[in-house]
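Scope of the values below: all heavy atoms of this structure, side chains included, with no hydrogens, waters or symmetry mates. In what follows, chains carry the letters A, B, and so on, assigned in the order in which the sequence lines appear, proteins first and then strands, with residues in each chain numbered from 1.
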2 protein chains.
Amino acid sequence: MSTRAAAPTRREQILREAARLFAERGFHGVGVDEIGAAVGISGPGLYRHFAGKDAMLAELLVGISERLLTGGRRRVEEAGGNPREVLTSLVEGHIDFALDDRALITLHDRELDRLREADRKLVRQLQRQYVELWVAVVRELHPEVGETEVRVCVHAVFGLLNSTPHLAVLGRDATESLLRRLADGAFGALSG
Amino acid sequence: MSTRAAAPTRREQILREAARLFAERGFHGVGVDEIGAAVGISGPGLYRHFAGKDAMLAELLVGISERLLTGGRRRVEEAGGNPREVLTSLVEGHIDFALDDRALITLHDRELDRLREADRKLVRQLQRQYVELWVAVVRELHPEVGETEVRVCVHAVFGLLNSTPHLAVLGRDATESLLRRLADGAFGALSG
DNA sequence: ACGCTTTGTTAATGACCGTTAACGCGTATG
DNA sequence: CATACGCGTTAACGGTCATTAACAAAGCGT
């Protein structure tokens, strides 16, 4: 078998283009015809692959939330008991995500409210579990800081890391190491 | 004359509600009837005050960009030559803004692309000048760091400070002081 | 009292858009 | 070879929505 990635299925192709367009112009700002055109078919042809426009957004947001959470859990396990190393690994994973899937990160906190009740609830639950992962680790590192403050801090660092979508000017590695330092600095200021 | 603020004009009333609704559900996600209902008149009545829905968004985004820039410039002048104090003042001003006008901060980096070419260009120019204000100060404090890195750092700190919209759980003063510390920590890590 | 401006109203218009209907074509399967 | 299915197409439907038209009432200077 080949070592290269398999050709993307049509579904995946559609999801990628939809993510890009949704991130660029907002969920309500892009029509199904545009999404179709982006993958070489036209408008209603999408309905052979998805139940509707909503379903595409739902699959994108649920997918990214699940990937973030499972990735985070894996890193918590792998990095053993040392909270310092765990946090470093979580930051690294989040940065990778933000740099590799910029469109998804953008959608993640921008278009959540366009989901049906059930999907929105699911995504929010996954997001909350992901945050709790971080909060638990940071609390181990700063036991003297209140839980609420830690939670705000974690959200703020997410904001810091997710700011990458707005720029792509520095090289990938340089951006990654800079963001790592900035996040470290912010966390370090928690008990300073 | 009274020391209290004057009653808001209808225009201001409309702008405030429009900002809230746009931030909640996105520009394309809210209809003019909703905006009208929020101020007690109905749909088309808005056209006595604004040329159209686009004009409301434009006025909101241009207004906020101008206020950020002029506020920043004032602080740079007032804080004299000490870069450390200037940066502290800029951070404080930005936090005040983020906490007092959460809806506007959200719109500011979320709905820029829904503007007509001319307005978008103006807003971007104002935003750029605001960023340059920060970059100049930070470069004075960290002369050994490259300009691009500084710019990325400034954007990242904006992301950190603007993350407040997502939570209102901590008290106002506690949030402000926490954000100040986190921003300081991030900037401090620039030459760490 | 009169007419002008301001600020509303409701009804209509026209565009756009998500979705469904109806149909066609290749291809693998039995 | 037939046939069923996957994957498209174009045309039509229905609803939503921004915007305009036409009209009304209230304040106000003269």
Rounded to the nearest 0.5 Å, how far apart are CD1 of B:Ile105 and NE2 of B:His94?
-> 4.5 Å
What's the closest nucleotide to the B:Tyr47 side chain, out of C:dT19, D:dT20, D:dT9?
-> D:dT20
What's the closest nucleotide to the B:His49 side chain, out of D:dT10, C:dG8, C:dT10?
-> C:dG8
Give a yes/no answer on whether the side chain of A:Arg10 brings an N or O atom under 4.0 Å of OP1 or OP2 in D:dG8.
-> yes
Donor-acceptor pair under 3.5 Å: do we get one between A:Arg48's side chain and the base of D:dG6?
-> no
So, for B:Leu46 and B:Gly36, which heavy atoms are closest and what is the spacing to 0.1 Å?
-> CD1-N, 3.8 Å
Sugar-phosphate only, base, or nothing, as touched by B:Gly43 at under 4.0 Å among non-hydrogen atoms | nothing
Within the structure shown, what part of the strands sits under 4.0 Å from B:Val39 by heavy-atom distance: base, sugar-phosphate, or nothing?
-> nothing
Can you name the nearest heavy-atom pair linking B:Ala19 to B:Leu104, along with the distance?
-> CB-CD2, 4.0 Å
Please report, rounded to the nearest Å, how far the P atom of C:dG8 is from the CZ atom of B:Phe50.
-> 12 Å
Flag yes if more than 12 heavy atoms outside A:Arg84 fall under 6.0 Å of its CZ atom; otherwise flag no.
-> no
Of C:dA11, C:dT9, C:dG18, the nucleotide closest to the side chain of B:Ser42 is C:dT9
Determine the contact category for B:Gly31: base if any of its heavy atoms lies under 4.0 Å from a base atom, sugar-phosphate if only primed atoms, P, OP1 or OP2 are that close, otherwise nothing.
-> sugar-phosphate
Quick one: which of C:dG18, C:dT20, C:dG8 gets closest to the side chain of A:Pro44?
-> C:dT20
To the nearest Å, give me how far apart CD1 (B:Ile35) and P (D:dT19) are.
-> 10 Å
